[in-house]
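To start, the structure under review is shown below, and the notes come after it.
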Amino acid sequence: VESDAESVASTVPDSDRGEDGPPTEPGPEESAAGPCEEKADSAPAAQELQNSLVEEQESAFPGLQPEDYRARLQAAKAVAEELRSKEPLLQNGQRTVRDNPNFVQTFFKASRLHFIGVWRERYEEILDSLPPPPPRPALRGKSVFLHIDMDCFFASVATRGRTQTFAGLPVAVAWGTGSSSEISSANYCARAYGIRAGMWAGEAFQLCPDLVVMPYEFDAIMETAELFYRSVLETTPYVQGISCDEVFADVSHLVQDDVRSWQALARKIRADIWSRSGCVASIGVAKNRLLARLATKFAKPRPGCRKCGKAALDRAGEESGLRPCDEHAGIFLLEESSECLAALPARELPGVGPESEKQLQKSGVQTVGDLRTVPLAKLRELFGEKQAQSLFRLCRGIDDRPWDPRPARKSVGAQIAWGVRFEGSEALRRFVAELTTEALRRLERHGRRGSSLTVKVWKARPDAPHCGGVGSGGCDILSRSAQFATDPGLAPAAVEATCAEAWRLCESTGATPAQVRGFGIHIGGLEKAQPSIPSLIESRKPQSLEKVILHLDVDCFFLAVHEKYDPSLKEAGPLVLWQYNDVICISPEAKAAGVKKHMRPSEAQPLVDSIGGRMVHAFSRRWPGPRVWYGPYQTISREMFAHLHRLLAEEPGGFILERLSIDEARDVSDVLAPYSPERVVCFVEAFLEASEAVAGADRYAQAKSLAQKLVTELQATIGVRVSVGIAPNRLLAKLGSIAAKPPRGDGICIVEGPDSCASPAFERLET
DNA sequence: ATCCTCCCCTAC
DNA sequence: TAAGGTAGGGGAGGAT
Ligand SMILES: Nc1ccn([C@H]2C[C@H](O)[C@@H](COP(=O)(O)OP(=O)(O)OP(=O)(O)O)O2)c(=O)n1
Ligand SMILES: [Mg+2]
Ligand SMILES: [Mg+2]
């Protein structure tokens, strides 16, 4: 075990890098530094490093001779070229949605970000095939967590089994060698030149012309990930998979309270992973997951360090009969009191990304130790409540997140922002439909139903530099969402309705087809699968009928509820309801006296006194602590809706009643697609407009008589007064119900259009 | 107080 | 040539 803990270090005399700093951002100059190697320090350091690598190769790996560095480099590039030439995904020259009729599926097959994004699906399958883990045994001694992460995972799969050729060569994984081919993983030799994941091949070749770019082999990567997980899962069922090459394991129950026992376990796991998968892992050990995650950073090989490289190579070299070596053991124990933790750049903390790093640097914070000196109040100003709490704990090594190895999925989606170019809106509409269908297929695989739909549109920035590639370039990413039910299942009508809604949201961003560089769709509000409302999609309203929407809103709802429970309030004059430091409901008389919503109660009090009214406090309860209690309002609200349903059921024709808030409802006879399952309280077979009686020229008069009936009935049975707006859409209906409020209105307001309303109150509505 | 939408940030 | 995805947390501002 390489450890910063003195007691451990003293038991592990072999370690020759325990006191070295963490491996952060090493360039070629830095990379060979430290106890591993002498320092290469001049500008042509890269060249020097390369030269020394050549020598090193020739002297250090007798098992790998007889070929020299140059010859093997050429052979390696030939292997890469051969793989590319046989790769079907690289055969056609179709790169954009315009060139390829099957663009969406081809893209996902070739996308490594899609691959690592959907890895969790396979992982869940593996877990489902195993017996469910018993509850974790009660903790007897200390907690011990491992964080296990494969070294340069994709790159190591790419070179596995090809040691004779690839040993000591700089290797990266990407589809191509062109300038804007993005690198997903670089081996530690390549990292010595500064090559990193996310970098484009163009830049990488400038740093290192010898770089060997190997193509993806997703099947091999997935199989390797499975071998990796099998190894970990056979050690303990208490694992939390983080990605295809990374896992946490709670091994508290497997070890003694003794670092030697932790070391032995980590070594065993590491050896097992290597013997099964042929790839090397690094392991962080600590008392919590946060510290274990950070420990792994110290366990990783030093870029360009020949001993680290040699260790890995020797292990890989077992193929060629070399002895496995566990110097540079790839295991690190980290404690929160460690000096190397305090010296770690704050950016290395999980949760601190590029933006937070900038924020922190503005306040002079570079390291984890610096961050510890920042008071919580200052962090709050910079980051807000939750992030401040999180940073405060992160830098102190505190991590008490609950152990939830399989958190329930909350959303599912699909997006593409590469190769997306459109000339007209028809092609964009088809693309939206394709991705929406793909997202529904993914939802269907989970058998869940969703209640919200979010679309994202990548819109090219007008000032973005024009580049020849097919990437997205500089974009603003716009999003729009709606409450919209999606059921599992791919019934054509349901798919069509979802596509229509997605298209509506896409259009509402205002991006023109020529500006669009990407599109994504996400289904959220996932619930357990339930039988849905089968008639919804089938019973589509004929398009030709004019819509009539009613918006109902109870007058002074909370006060009306108080009057029900305390009839004396009815004669008490002007009333003002308050809670905490907030006025929340005002009777018309009190309004006339100048009381405003959200006024401080102390300001409202004198106004109320001057007109002989009363301040009424919201319902509250004492137990388990003093708190406002909304129970009575909820009760009356439910009664009111139940009664509305009964009334509507007796009417000829059909209605959809949508519950908008505790006291609002509207008839959403027009709404087919954007209905929300929680909000649709009632669903009846046909629609208002479908009824002969309400359709036609006098539909507003018909709607008004319905409204009058509802108002009277609700007054009589529930004791609340409702104002109603009647209009051809929801916006106008809602405005109508405001204009209908007494004293300005008479309870019902018909708004046939924005400029055609008989009520003067409607004209006077404030912005 | 609480919910919702849009946006930003982050980890893989 | 080249495949810049998936998902969650949380803040600001607006609503009831
Ligand atoms: N920007 C990125 C980062 C990662 N990956 C893929 C390729 C990596 O091999 C794999 C695992 O990611 P890691 O962060 O664990 O990186 P590596 O395993 O490559 O290197 P390390 O040794 O630092 O873990 O995910 C990617 O495609 N693009
Ligand atoms: Mg890794
Ligand atoms: Mg990883």
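Quantities reported herein were computed from a predicted structural model and do not represent experimental measurements. Proteins come first, then strands; the chains are lettered A, B, ... in the order of their sequence lines, and each starts at number 1.
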Do any side-chain nitrogens or oxygens of [X] fall under 4.0 Å of OP1 or OP2 in [N]?
| X | N | answer |
| --- | --- | --- |
| A:R442 | C:dT6 | yes |
| A:K734 | C:dT16 | yes |
| A:H114 | C:dT6 | yes |
| A:S411 | C:dA7 | no |
| A:T106 | C:dA3 | no |

With a 3.5 Å cut-off and sequence neighbours excluded, list the donor-acceptor pairs that the side chains of residues 350-361 of chain A form with protein atoms.
unit_1: A:E355; atom_1: OE2; unit_2: A:K358; atom_2: NZ; d: 3.1

Using a 4.0 Å heavy-atom cut-off across all strands, classify [X] as base, sugar-phosphate, or nothing.
| X | result |
| --- | --- |
| A:F115 | nothing |
| A:N92 | base |
| A:S472 | base |
| A:A414 | sugar-phosphate |
| A:R120 | nothing |
| A:G474 | nothing |
| A:G413 | sugar-phosphate |
| A:F383 | sugar-phosphate |

Determine, using ring centers only, whether [Y] and [X] are less than 6.0 Å apart.
| X | Y | result |
| --- | --- | --- |
| A:W458 | A:F519 | no |
| A:F248 | A:F145 | no |
| A:W119 | A:Y229 | yes |

TODO: Classify every nucleotide of nucleotides 5-12 of chain B by which part a protein heavy atom approaches to under 4.0 Å, writing B for the base, S for the sugar-phosphate alone and - for neither, in 5'-to-3' order.
DONE: SSS-SSSS

Task: Of the listed nucleotides C:dG4, C:dA7, C:dG9, the one nearest the side chain of A:V412 - done: C:dA7

Open item on the list: Using the side-chain heavy atoms of A:K410, tell me which of these nucleotides is nearest: C:dA7, C:dG9, C:dG10.
Closed with: C:dG9

Whole-Å gap separating [atom2] ([N]) and [atom1] ([X]):
| X | N | atom1 | atom2 | answer |
| --- | --- | --- | --- | --- |
| A:H522 | C:dG5 | NE2 | P | 10 Å |
| A:R421 | C:dT1 | CZ | P | 18 Å |
| A:F484 | B:dC4 | CZ | C1' | 18 Å |
| A:L435 | C:dA3 | CG | P | 18 Å |
| A:E124 | C:dT6 | CD | C1' | 14 Å |
| A:F107 | C:dG4 | CZ | C1' | 7 Å |
| A:F519 | C:dA3 | CZ | P | 23 Å |
| A:W119 | C:dG5 | CH2 | P | 20 Å |

Task: Which residue lies more 5' along DNA chain C, comparing A:R409 with A:A110 via nearest heavy atoms - done: A:A110

Task: Residue whose closest nucleotide on DNA chain C lies nearer the 5' end, A:G178 versus A:W458 - done: A:G178

Task: Electrostatic pair A:D400:A:R393 at N-O distance under 4.0 angstrom - done: yes

Taking side-chain hydrogen bond (donor to acceptor under 3.5 Å, both in side chains) as the definition, give me every residue that meets it alongside [X], ordered by chain and number, with sequence neighbours left out.
| X | answer |
| --- | --- |
| A:S156 | none |
| A:E124 | A:R406 |
| A:T106 | A:N100 |

TODO: With sequence neighbours excluded, give me every side-chain hydrogen bond (donor to acceptor under 3.5 Å, both in side chains) pair touching residues 434-444 of chain A.
DONE: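 Those involving residues 434-444 of chain A are A:Q105-A:E438, A:E438-A:R441, A:E438-A:R442.
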
